[in-house]
Participant: 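Below: one structure in structure tokens.
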Amino acid sequence: GQVFRLEDYRPSDYLIPRTELDFRLGEDSTRVVARLTIERRAGIDKPVQLELDGDGLTMRRIEIDGEAVDAADFDATPDRLVIYNPPASGRFTLLIETELAPSRNEALMGLYRSSNVYCTQCEAEGFRRITYFLDRPDILSVYTVRMEAQRTEAPLLLSNGNPVEHGDLEDGWHYAVWHDPFPKPSYLFALVAGDLGCIKDRFVTASGKQVELGIYVEHGKENQAGYAMDALRRSMTWDEEVFGCEYDLDVFNIVAVSDFNMGAMENKGLNIFNDKYVLADEETATDIDFANIEAIIAHEYFHNWTGNRITCRDWFQLCLKEGLTVFRDHEFSADQRSRPVKRIAEVRTLRAHQFPEDQGPLAHPVRPRRYREINNFYTPTVYEKGSEVVRMIRTILGAETFRRGMDLYLERHDGDAATIEDFLQVFEDVSGRDLSQFALWYHQAGTPNLSVTTRHNAATAEFTIEVEQSVPPTPSESRKRLMHIPLAFGLVGSDGKDMAYGGAEGATVEYGVIHVRKRKHVVTFSGVTERPVLSLNRGFSAPITLSIEQRPEDQIFLASHDSDAFSRWQAFNTLLTDAIIAAFRNFLGGKQPKFGAELTGLAGRIAVDDTLEHAFRALALALPGEADIAREIGKNIDPDAIFAGREALARSIAEANAGVFSQLYDELLMSGPFSPDAASAGRRALRNTLLDYLAILPDGAKRASAHFASATNMTDRAAALAVLAHRHAGSAEAKAALAEFDKRYRGDPLVMDKWFMIQATAPGAGAVDAVRALTEHPAFSIANPNRVRSLIGGFASANQTGFHRADGAGYTFFTETVLTVEKRNPQVAARLATALRSWRSLEPKRQAKARDALLAIQAKEGLSADLRDIIERTLA
Ligand code: B3K
Ligand code: ZN
């Protein structure tokens with residue numbers, strides 16, 4: 001396939017200042033008439049041919065300025081429209097009529113049907129599946145959209161912007177017209193037509209503008225949309241208060257659909273959501289679902305400024321809107337919930353998803369320089385690492401200067417299709433700093449590693465930190481440049497408080513941050529009379545790995561006393577990780593592991609430490625995942641041995657703390673009405689974490705089964721079901737709970753996703769057959785992305801022992817399924833296939849089997865560009 005390169009960017013010869021679209025909607029045949037006002041770009045004085053993008057289009061009519069275009073003057077293929085001799089004046093109206101079949105669109109890009117609702121998804125290049133266009137983000141156009149549909153089939157007709165008019169037509173048809181006054185790129189176009197239920201609300205902006213809010217959902221589900229509406233109102237208020245961003249249209253609509261390729265889409269004034277991220281009540285959603293809904297509602301809303309008012313010049317700049325908007329939604333959630341808990345959760349996600357990407361064959365810079373299929377670049381690196389880079393800018397500049405930079409960005413670039421250079425420039429301008437070395441975070445792939453040594457000289461009262469940076473090679477970048485790494489730190493004294501220090505030699509320490517810029521960096525603090533314990537990379541100030549020689553007693557000290565909550569969590573997590581790795585090595589050497597009483601005792605103390613939030617304690621007690629451990633070990637991975645090591649530690653912690661855990665478990669039971677707030681969710685999280693430990697002990701299945709039976713919300717019910725299905729697989733209790741859950745929720749696909757996921761992630765060799773059998777379950781559908789992600793995605797990316805079964809059966813099943821999905825939906829198949837990206841870190845036998853599986857996919861005829869791109873990069 002074609003390779004697109006950043007350095008090849010050039011502006012288009014033509015602009016499209018106005019776009020009028022007219023849809024006559026039919027499920028098997030939809031007619032689209034596009035009237036485009038086309039203008040040659042200023043400065044291009046001689047006529048040039050006009051070339052528009054298409055994707056699988058059928059053209060029915062073409063006119064220029066009201067006249068049919070001569071067959072010799074254009075060439076239309078499904079994927080391209082060329083007009084050889086556009087009017088010499090350089091300004092004309094182009095009319096194009098295309099005919100689509102929404103009901104046959106299973107790729108879920110462009111105009112398609114989801115549960116009898118017409119909807120669209122245009123980012124990144126779906127608009128060209130609707131009409132021929134300059135389908136690129138730097139072509140900003142003012143849209144007017146008219147839709148006609150059968151009133152019974154689609155009483156609701158929505159598009160971007162504000163409603164203009166609507167009315168009846170003959171034969172049961174009706175129409176509506178929408179106008180969006182803000183010029184926007186085609187990827188933000190949206191249309192929804194169907195029969196949906198709705199909840200409405202109203203928001204008055206800081207400057208007094210009235211906004212009508214609507215959330216549209218399947219009839220009968222209106223009462224599950226309240227939390228999303230509440231999250232929307234809170235997002236609107238927060239963005240005014242924290243970033244000075246006000247909403248700009250008269251209406252803001254959100255539509256939930258059940259067939260959607262990703263989480264949600266920020267179309268101007270008409271966000272379209274995967275219903276998983278809208279619908280919630282205590283009976284059907286877990287606390288994690290509530291938190292995700294809040295975050296994604298906020299994320300899409302925040303795009304109105306960072307993405308829509310200021311969009312991207314080209315798709316290489318994707319992180320300009322995504323990294324920044326993720327940063328904004330992270331900050332929102334931190335403000336709405338617990339900041340330290342949110343930070344820990346973010347870092348766990350970053351490490352679980354972005355680190356393996358950055359350390360494997362799919363590594364790419366936050367701003368990539370080349371791509372073959374842009375849909376494959378909506379990655380953890382662009383999103384999550386992109387957010388970390390913005391966070392580092394704030395760390396380096398300080399919160400106030402950062403905000404001034406954001407104000408300048410929003411003012412200077414409103415209405416622009418901007419670049420990362422534009423973004424960095426505003427921060428240089430407001431701070432007077434040179435960010436050119438820092439900019440490498442956007443341009444250079446790979447997770448930097450810092451190796452750190454310290455020494456204390458009691459005689460001179462000096463404490464010295466030596467830091468050495470290195471960035472490992474990544475595909476097509478074998479040599480790396482030195483980066484600017486902001487390291488927040490503290491010197492913790494024996495009383496647990498941060499020590500004051502005199503001067504810091506090296507002149508690179510400010511705001512409690514060491515700025516590492518060279519390969520080797522030495523800082524010496526004076527006036528340090530006792531040996532401090534170094535707390536480094538506090539709050540995870542830089543997305544790096546640290547190799548630091550720290551004694552276990554220092555880690556235990558930090559885990560008990562560090563004033564930075566993140567570092568406290570980190571210290572304990574490091575202890576747990578090291579213990580599991582030691583156990584893993586024991587198992588490989590044929591020995592039984594042993595764990596120190598300090599560690600298991602500390603787990604018990606953290607559990608009952610009332611100075612710590614419940615949610616923090618739950619996060620601390622949750623053992624590092626098997627994939628986290630595999631990443632730390634790095635190579636020659638035997639997932640069974642990791643599993644055994646992790647289980648051994650879990651058992652040892654449970655046994656050492658049986659009494660304490662059991663008492664706390666009882667105390668944490670809540671009565672009274674359900675609330676999804678962070679404090680209540682934290683209590684439930686801790687209690688369910690304790691259940692997971694207690695379930696290892698005698699009568700564990702009974703306890704989990706009682707927990708399941710007495711649960712009054714989905715958080716507790718799903719947690720108990722997972723404990724039963726994972727720790728007591730095959731037991732009478734597990735079977736009964738699975739059957740009951742199925743019976744009770746068979747008619748609610750989103751809840752059944754949890755049931756599929758729990759079984760898909762049950763550890764051990766039996767998972768392959770179980771998952772294969774579940775693909776035949778009546779609630780499963782290979783055409784629905786949520787079902788596929790829960791069952792197949794859950795199995796491949798969250799079941800280390802099942803998926804990486806030693807005989808390769810997991811890979812064989814997976815390969816077949818990916819190819820089946822691909823026939824309908826290449827984008828979802830390509831995303832699934834990334835589950836194999838870390839295949840080179842497996843032990844040789846599994847590695848060979850994984851490679852065979854990848855080669856088998858590669859050998860298929862007629863592979864989609866999406867899947868081929870992932871497979872070939874993974875194998876390279
Ligand atoms: N911008 C969309 C993602 C579109 C993905 C296209 N393959 C959702 C978001 O990040 O807000
Ligand atoms: Zn986004």
Side-chain angles (χ1 to χ4, degrees), residues 55 105 107-110 112 119-129 135-137 160 184-190 228 231-232 235 239 254-257 259-274 276-278 292-312 314-333 349 353-354 366 368 371-387 390 417 785 789 825-834 864-867 869-870:
D55 182 357
N105 181 350
L108 314 184
M109 285 293 282
Y112 66 95
C119 64
T120 54
Q121 172 56 36
C122 291
E123 187 176 2
E125 296 176 337
F127 192 72
R128 61 184 68 180
R129 291 163 63 91
D135 191 14
R136 42 187 285 170
N160 313 95
K184 66 167 175 289
S186 49
Y187 80 83
L188 290 174
F189 164 77
L232 174 60
S235 304
D239 213 15
I254 292 175
V255 179
V257 299
D259 301 87
F260 207 65
N261 280 347
M262 63 271 168
M265 180 64 212
E266 71 264 25
N267 316 300
K268 182 81 185 186
L270 177 56
N271 288 186
I272 299 182
F273 269 64
N274 185 326
K276 173 179 166 64
Y277 297 117
V278 173
N292 285 337
I293 289 169
E294 177 179 82
I296 296 175
I297 291 273
H299 179 97
E300 307 310 331
Y301 174 73
F302 296 158
H303 268 315
N304 190 53
W305 278 93
T306 51
N308 301 3
R309 288 288 288 256
I310 305 178
T311 192
C312 303
D314 53 67
W315 291 122
F316 297 101
Q317 320 296 329
L318 184 57
C319 62
L320 178 71
K321 72 179 178 82
E322 295 306 346
L324 176 56
T325 306
V326 170
F327 172 74
R328 278 152 52 67
D329 86 57
H330 282 176
E331 283 298 293
F332 169 73
S333 295
T349 305
H353 299 119
Q354 200 275 329
V366 172
Y371 62 77
R372 277 191 295 181
E373 176 49 62
I374 188 57
N375 282 325
N376 289 337
F377 281 81
Y378 288 76
T379 59
T381 297
V382 168
Y383 276 66
E384 316 299 332
K385 188 175 181 182
S387 163
V390 176
R789 279 187 287 254
N825 192 326
Q827 211 178 115
V828 168
R831 177 58 63 103
L832 276 184
T834 62
S864 63
D866 304 66
L867 188 55
D869 171 47
I870 294 289

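As the structure lists them, so they are numbered: ligands from 1, and atoms in each ligand from 1.
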Participant: I'd like to check whether Tyr383 has a polar contact with ligand 1, where a contact means an N/O of the residue lying under 3.5 Å from an N/O of the ligand.
Facilitator: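 Yes: some nitrogen or oxygen of Tyr383 is under 3.5 Å from one in ligand 1.
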Participant: Roughly how far apart are Asp239 CG and Asn304 CG, rounded to 0.5 Å?
Facilitator: 8.5 Å
Participant: Ring centres under 6.0 Å, that's the criterion: do Phe316 and Tyr371 meet it?
Facilitator: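 For Phe316 and Tyr371, the ring centres are under 6.0 Å apart.
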Participant: With a cut-off of 4.0 Å, which atoms of ligand 1 are near a heavy atom of Gln827?
Facilitator: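 Within the 4.0 Å cut-off of Gln827, ligand 1 contributes 7 (N).
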Participant: What are the two closest non-hydrogen atoms of Ile297 and Ala228, and how far apart are they?
Facilitator: CD1-CB, 3.8 Å
Participant: With side-chain contact (heavy atoms from CB on, under 4.5 Å) as the criterion, how do Val326 and Glu384 come out once you've worked through the C-alpha distance, each side chain's angles and the decisive distance to 0.1 Å?
Facilitator: CA-CA 7 Å; Val326 170; Glu384 316 299 332; 4.0 Å; yes
Participant: Determine whether any heavy atom of Met109 lies closer than 4.0 Å to an atom of ligand 1.
Facilitator: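 In this structure, Met109 fails to qualify as a contact of ligand 1 - no heavy atom is under 4.0 Å.
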Participant: His299 to ligand 1: N or O pair under 3.5 Å?
Facilitator: yes
Participant: Please write down residue, atom name and distance for the protein heavy atom closest to atom 11 (O) of ligand 1.
Facilitator: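 Of the protein heavy atoms, Glu300 OE1, 2.7 Å lies nearest.
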Participant: Should you measure from each heavy atom of His303, which atoms of ligand 1 turn up under 4.0 Å away?
Facilitator: 9 (C), 10 (O), 11 (O)
Participant: Pull out every atom of ligand 1 sitting under 4.0 Å from any heavy atom of Met265, numbered as shown with elements.
Facilitator: 1 (N), 2 (C)
Participant: side-chain contact (heavy atoms from CB on, under 4.5 Å), that's the test. Do Arg789 and Asn274 meet it? Break it down for me.
Facilitator: CA-CA 13 Å; Arg789 279 187 287 254; Asn274 185 326; 3.7 Å; yes
Participant: Please could you name the atoms of ligand 1 that Met262 approaches to less than 4.0 Å, counting only its heavy atoms?
Facilitator: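 So the atoms of ligand 1 that pass are 4 (C), 5 (C).
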Participant: Would you give the length of the straight line joining atom OH of Tyr187 to atom CH2 of Trp315, rounded to the nearest 0.5 angstrom?
Facilitator: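 If I round to the nearest 0.5 Å, the distance is 5.0 Å.
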Participant: What closest approach, in Å, do Asp135 and Ser186 show between heavy atoms, and which atom pair accounts for it?
Facilitator: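 Looks like OD1-OG, 2.7 Å.
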Participant: Measure from atom 7 (N) of ligand 1 to every heavy atom in Asp329, Asn267, Asn375 and give the option owning the shortest one.
Facilitator: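 Looking at heavy atoms only, Asn375 sits closest to atom 7 (N) of ligand 1.
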Participant: Report yes or no: do Glu300 and Tyr277 form a side-chain donor-acceptor pair below 3.5 Å?
Facilitator: no
Participant: To make sure I understand the geometry: which N, O or S atom in Glu322 is closest to the Zn ion (ligand 2)?
Facilitator: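 This turns out to be OE1.
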Participant: Indicate yes or no for a side-chain donor-acceptor contact from Tyr378 to the backbone of Met262 under 3.5 Å, with no hydrogens or angles considered.
Facilitator: no
Participant: Out of the N/O/S atoms in His303, what is the name of the one closest to the Zn ion (ligand 2)?
Facilitator: NE2
Participant: Should you measure from each heavy atom of Lys321, which atoms of ligand 1 turn up under 4.0 Å away?
Facilitator: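 Near Lys321, the atoms of ligand 1 are 1 (N).
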Participant: Closer than 3.5 angstrom, by distance alone: can the side chain of Glu322 be matched with the main-chain N or O of Leu324 as a donor-acceptor pair?
Facilitator: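 Such a contact is absent between Glu322 side chain and Leu324 backbone.
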Participant: Using a 4.0 Å cutoff against the non-hydrogen atoms of Glu266, which atoms of ligand 1 qualify?
Facilitator: 1 (N), 2 (C), 8 (C), 9 (C), 11 (O)
Participant: Considering only non-hydrogen protein atoms, determine which one is nearest to atom 8 (C) of ligand 1 and report residue, atom name and distance to 0.1 Å.
Facilitator: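 Closest protein heavy atom to atom 8 (C) of ligand 1: Ala264 O, 2.9 Å.
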Participant: Nearest to atom 1 (N) of ligand 1, what protein heavy atom do you find, and at what distance?
Facilitator: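 In this structure, atom 1 (N) of ligand 1 has Glu123 OE1, 2.6 Å as its nearest protein heavy atom.
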